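So the structure is just underneath, and the comments pick up after that.
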Amino acid sequence: MASDTENDFAGCQTSDNSESYDSRAYDFQRDKSGNVQQRQPLGFETRAIHAGYDPYEHHGSVSVPIYQSAAFAMHDAVRGDGLSSGEIEGFSYSRCANPTVDALERRLANLEGGVSAVALASGMAAVSFALLCAAEGGGRLIAPKDLYGASIDAMESFFPQFGIHTDFVEDINDVAEVESKIGPDTRAVFAESVANPSTGITDIKPLADMLHRHGVALIVDNTVPTPYLFRPIEFGADVVVHSTTKGISGHGDALGGIVVDSGKFDWANGRFPQFTQKELVVSDERHGVWKSFAEAYGNAAFAGRVRIKYLHNLGAVMSPANAYLQLIGLETLPQRFRQETDTALAIARHLESVPHVTQVNYSGLDSSRNKALADRYFPQGIGPVLSFRLEGDESHINRVVDAVKVFSYVPNIGDTHSLIVNPARITHREVPGDYRRAAGVDDHLLRLSIGLERPSDLIADLDRTIAGAY
Ligand SMILES: *Cc1c(COP(=O)(O)O)cnc(C)c1O
C-alpha cells in the first residue's frame, strides 16, 4: 500500500506508514520521502512468517486475526474527516482495505521486493486489473501466445471490447521482435516468469532493459514459481501479479490474487495520461488542491490506482477469511516448494524413460532447451508444474485421468495434493487453436502439479496408469 498518500478517500485508508512497516522483523524501511531502504536482510523463511504484521498492534495475537467486519467505526466527526483526507491512518470500509487483507498485502510486497501491493478476489482480477490499469484509455499491450488460458481470452477477445488491444509475439525472448511491436500507444508487456503448462521461461533482464529505454512497463505473472523461487522485480519487472490461489496459498482452499508494485517505474513519463491527469478522488476540491495519482502516490502510484480506481469501482475484494488462509499457507511456502520442486524434478526425470511418453516439458531438465535460463534465474528450481506428451490419441490421455488414484483430476496447480489435468479440454479450452499450439497444448498433453505425497507413490501411480492406458 502507498505509505506516502497525502490525500485519499473515506473507506480506503489503511494503517500503512513507515513506522508500522518498519516496526519489527521486516527487512526494509522507508525514508521520509517514501523510498524503501534496505535495513537488516532477514531470510525469506523468516519474512514469510513475520513480515507485514506486528502482533503488538493486535492484542498480541500470534496468528493474524480475521477481521470479519464490513466497516470500521470512525469514532467521531474529526476522526472521520481525518480518515477521509488521509491525515489519520486507519480502516473504515473493507471494499478498499481490511486489516487481515492488509497483512497479506504487506507480506507479499515484502517477499516480492515491492513497495506496495493490492490483494484481490482471484488471480484473474489481479491480471485484468494490472493490464487495464496500465493500458486504460486506448493503450496497447504486447504478450506471448503461451499465457494462462484466461489471460489469453481476456487479451484476445475481451479487452478489445474496451478499446485495449494486444500485439502478440511468437517469442517473448526475441527482444528485437518485441521491440518491433512497440508503437506510440504501447504501454506494457505482459509475460509469465514460468509458463503453464510448457514451463517456458521468460528472459526478463534483457526484455526489461529494452522496454525501459522506451518507457514501457513490464508486468510479470509470477504465479507458477512464487516469490520463493523467483522475484521478477530483482531483474527489472515493474509490476508482479499472482494467483495466490496456487502455490502461495498452497492448499487449494481459497481463491485470491495480488498486484505488487515495484515502486521503480516512472508512470509520469508521458505514456500514461491516466497517472498524470488530476483526479477528484485523490484531490481536495474544497481547498482547491488538485492532484494526479503520480503526485498523490509517488512511487506507489500503480498500486494506488489499482486500489482507488479498480478495487473501489469494480469491487473484486479478497475476503478477510481468504486472506487468513493465504497467510497461513505462506508460512510454509519455502518448505512446501522445496519438496514439491525436488519431487517434480525427480518425476520429470523418471517420465523421460517411461514407455509411451514422447516428450517431457520441465525447464529444470538437462534435456530442456530452457536449461540455461533455468540455471540463470532459478537456482532453486522452477517449481512443481510440469507437462508431458503421450503417444496415441486423446483416448490414451482420457484413460490416464480416469485411472489415477493418488493424483487428483483437478484444474488447479500449487496444491499440497498432486494434480493432473488434460489442458486442451479443460484449462485451455477457451484458447484459440494457434495460441494453444504456441503453448504446446494438444490432445496428447497432460499437466501435473506435484504436491507433498511420497514421491514413490506418485511415480507408481503414473507408471501404473500410463501402462494401463495401452
Ligand atoms: C490460475 C492462474 C491464474 C488465474 O488465477 P485465479 O486465481 O484462478 O483467478 C492466472 N495466471 C496463472 C499463471 C495461473 O496459473
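All of these numbers come straight from a predicted model, not from anything done at the bench. Residue indices begin at 1 and follow the sequence shown. Counting starts at 1 for both ligands and their atoms, following the listed order.
- When only non-hydrogen protein atoms are considered, atom 14 (C) of ligand 1 lies nearest to Lys246 NZ, 3.0 Å.
- Ligand 1 has a nitrogen or oxygen under 3.5 angstrom from a nitrogen or oxygen of Gly123.
- Remark: ligand 1 atoms within the under-4.0 Å shell around heavy atoms of Gly256 are 7 (O).
- Ring to ring, Tyr377 and Phe235 are close: their centroids are under 6.0 angstrom apart.
- The ligand atoms of ligand 1 that sit less than 4.0 angstrom from a heavy atom of Asp221 are 10 (C), 11 (N), 12 (C), 13 (C).
- Distance CG/Leu327 to OG1/Thr100: 8.0 Å, rounded to 0.5 Å.
- With a 4.0 Å heavy-atom cut-off, ligand 1 is reached by the side chain of Ile413 but not by its N, CA, C or O.
- Tyr53 and His58 have their aromatic ring centers within a separation under 6.0 angstrom.
- Atoms of ligand 1 lying under 4.0 Å from any heavy atom of Ser243, numbered from 1 in the order shown and given with element: 1 (C), 2 (C), 3 (C), 4 (C), 5 (O), 6 (P), 7 (O).
- For ligand 1, the atoms lying closer than 4.0 Å to a non-hydrogen atom of Asn196 are 15 (O).
- In summary, the atoms of ligand 1 found under 4.0 Å from a heavy atom of Met124, numbered by their order in the structure, are 4 (C), 5 (O), 6 (P), 9 (O).
- Side-chain atoms of Val241 and Val220, non-hydrogen and from C-beta on, never get closer than 4.5 Å to each other.
- Taking the six-membered ring for Trp, Tyr297 and Phe302 have ring centres at least 6.0 Å apart.
- For the pair Thr245 and ligand 1, the shortest N or O to N or O distance falls below 3.5 Å.
- Under the 6.0 Å cut-off for aromatic ring centres, Phe293 and Trp267 do not qualify, their centroids lying 6.0 Å or more apart.
- Considering Arg187, Lys181, Arg140, Lys145 as possible partners of Asp167, the one that fulfils the salt bridge (Lys or Arg N to Asp or Glu O under 4.0 Å) test is Arg140.
- Considering only non-hydrogen protein atoms, atom 4 (C) of ligand 1 sits nearest to Tyr148 CE2, 3.5 Å.
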